[in-house]
Amino acid sequence: MGRVSEPPHSTIVGWREWVRLPGAGVPWIKAKIDTGARSSSLHAFDVEELDRDGVPWVRFSVHPWQHTDGDAVVVERPIHDRRLVRSSSGHAEDRIVVLLDLVLVRRRLSAEVTLTNRDAMGFRMLVGREALERGYVVDARRSWVGGRPRLATRRKNAGR
């Protein structure tokens, strides 16, 4: 069987990457790249729905660092959609969807992101197929293809 190569315009991404959320004020968050998930998701808490001149908005907080609640960031976005999302365990949850700009392996893209409690999960963010379809190819053997933040930031993520 011959080797299949990606198109020349594709960006290689590892199974886990550091992602930036520039419009949300989150300089770094560790994300799992998951081709088994349709949509991307973000750990959100203190979720509050708002009405701005008849337009539904949401205010939520993000803990960007795993295993700690330090440096929480408050984000406000218009509600883009609502979606019933079924987890890999079969549990269905109605989630709010917002549009967020992501920087993944030095490329900026806008992605639909569902808000949920990922506190018990290994990663505070999951990047799904809908975002990856914009020219990314996952190399499951690799990690941190887009680079990593400084050691102090990585230690903060580890709760140290």
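Side chains are part of it too, since the values below use all heavy atoms of this structure and drop only hydrogens, waters and symmetry mates.
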Side chains of [X] and [Y], heavy atoms from C-beta outward: is any pair under 4.5 Å?
X: T114; Y: D81; value: no
X: R52; Y: P78; value: no
X: L42; Y: R124; value: no
X: V58; Y: V47; value: yes
X: V137; Y: V13; value: no

For [X] versus [Y], what's the shortest heavy-atom pair and its separation?
X: D94; Y: L84; value: N-CD1, 3.9 Å
X: R95; Y: S41; value: NH1-CB, 3.7 Å
X: A72; Y: P64; value: CA-CD, 4.5 Å
X: A31; Y: V19; value: CB-CG2, 3.6 Å
X: G147; Y: R106; value: N-NH1, 4.3 Å

Report task. Quick one: name the residues clustered hydrophobically with L126, using the 4.5 Å side-chain heavy-atom rule over I, L, V, M, F, W, Y, and just say none if it's on its own. Result ->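 Answer for L126: none, a lone residue.
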Report task. For E17 and S143, test the side chains for any donor-to-acceptor distance below 3.5 angstrom and give the result as yes or no. Result ->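 The answer is no; no qualifying pair exists.
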Query raised in the report: Are a donor atom and an acceptor atom from the side chains of D51 and W57 found within less than 3.5 Å of each other?
Result: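 On atom types as modelled, these side chains do not qualify, holding no pair under 3.5 Å.
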**Report entry** Under 3.5 Å donor-acceptor, R134 side chain and S110 backbone
**Finding:**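 Checking the backbone N and O of S110 against the side chain of R134, a donor-acceptor pair under 3.5 Å is found.
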**Report entry** Donor-acceptor contact present, side-chain R107 to main-chain G135, <3.5 Å
**Finding:**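 Yes; at least one donor-acceptor contact below 3.5 Å.
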Same apolar cluster: [X] and [Y], side chain cutoff 4.5 Å:
X: L21; Y: L115; value: yes
X: V85; Y: V113; value: no
X: I79; Y: F45; value: no
X: F60; Y: V97; value: no
X: V73; Y: L100; value: yes

Enter the distance from [X]:[atom1] to [Y]:[atom2] here, rounded to the nearest 0.5 Å.
X: L50; Y: E76; atom1: CG; atom2: CD; result: 6.0 Å
X: R16; Y: R148; atom1: CZ; atom2: CZ; result: 8.5 Å
X: R82; Y: I96; atom1: CZ; atom2: CD1; result: 5.0 Å
X: R141; Y: I12; atom1: CZ; atom2: CD1; result: 9.0 Å
X: H43; Y: T116; atom1: NE2; atom2: OG1; result: 9.0 Å
X: D139; Y: I33; atom1: CG; atom2: CD1; result: 12.0 Å

Query raised in the report: Do other residues, nucleotides or ligands put more than 12 heavy atoms under 6.0 Å from the CZ atom of R150?
Result: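 Count not over threshold, so no.
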Report task. Go through R59 and V75 one step at a time and tell me if the side chain to side chain contact (heavy atoms under 4.5 Å, CB included) criterion holds. Result -> CA-CA 6 Å; R59 176 185 299 133; V75 182; over 6 Å; no
Requested in this report: Carefully, step by step, assess L102 and R108 under the rule side chain to side chain contact (heavy atoms under 4.5 Å, CB included).
Outcome: CA-CA 6 Å; L102 315 177; R108 189 175 184 141; over 6 Å; no
Query raised in the report: Is R129 close enough and on-axis enough to Y136, meaning under 6.0 Å and within 45°, for cation-pi?
Result: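 Here R129 fails the 6.0 Å and 45° test against Y136.
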Query raised in the report: Is there a side chain to side chain contact (heavy atoms under 4.5 Å, CB included) between H91 and R86 once you walk through the steps?
Result: CA-CA 5 Å; H91 172 65; R86 189 168 305 279; over 6 Å; no
Requested in this report: Name all pairs fulfilling the side-chain hydrogen bond (donor to acceptor under 3.5 Å, both in side chains) condition that reach into residues 22-40, sequence neighbours left out, sorted by first residue then second.
Outcome: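 Residue pairs passing side-chain hydrogen bond (donor to acceptor under 3.5 Å, both in side chains), neighbours aside: R38-E130.
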Report task. List the steps, then state whether side chain to side chain contact (heavy atoms under 4.5 Å, CB included) holds for V127 with L132. Result -> CA-CA 7 Å; V127 178; L132 297 170; 4.0 Å; yes
